[in-house]
Amino acid sequence: MRSRLPVTTPTGVALHLAARDLCAWSGHFYAVEAIRRLGLEEAGGLVPVGLCHYSTADEVDRLIAGLEEL
């Protein structure tokens, strides 16, 4: 399913990646004041993506491809 939100928003980016079976999320992650001071509150925060020692090469390749699509 394709997102209807613009991919220029944190939520849109997270949905874009989720449509490619990649786990990403958006928001302030309890760093409300830091997000506010960085001027990112109105934009919807950040998009962290978690890679770990058990992430496969395929998952990393799909993440890179998904980000390049943006």
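Keep in mind that the numbers below use all heavy atoms, side chains included, and drop hydrogens, waters and symmetry copies.
For the pair T56/V60, no side-chain contact is recorded, criterion being any heavy-atom separation below 4.5 Å from C-beta on. Using a 4.5 Å cut-off on side-chain heavy atoms (C-beta onward), L46 and F29 make contact. Residues H28 and R36 are not in side-chain contact: their nearest non-hydrogen atoms beyond the backbone lie 4.5 Å or more apart.
Taking CG from L15 and OG from S26, the interatomic distance works out to 7.5 Å, rounded to the nearest 0.5 Å. To the nearest 0.5 Å, atoms CZ (R62) and CG (L22) are separated by 4.5 Å.
Taken together through direct or relayed side-chain contacts under 4.5 Å among Ile, Leu, Val, Met, Phe, Trp and Tyr, I64 and V13 form part of one hydrophobic cluster. Cluster annotation: L51 and L67 are assigned to the same hydrophobic cluster (Ile/Leu/Val/Met/Phe/Trp/Tyr, side-chain heavy-atom contacts under 4.5 Å, transitive). When the side chains of ILVMFWY residues are joined at heavy-atom separations under 4.5 Å, either directly or via intervening members, W25 and L17 end up in two distinct hydrophobic clusters. Under the 4.5 Å side-chain heavy-atom criterion for Ile, Leu, Val, Met, Phe, Trp and Tyr, I35 and Y30 are members of distinct hydrophobic clusters.
The shortest heavy-atom contact between S55 and G50 is OG-O, 4.4 Å. In plain terms, the two heavy atoms of A24 and A14 that are nearest each other are O-CB, 3.9 Å. The shortest heavy-atom contact between P10 and A43 is CD-O, 2.8 Å.
Put simply, the side chain of H16 gets close to the backbone of G66: a donor and an acceptor are under 3.5 Å apart.
More than 12 heavy atoms of other residues, nucleotides or ligands shown are found within 6.0 angstrom of CD on E33.
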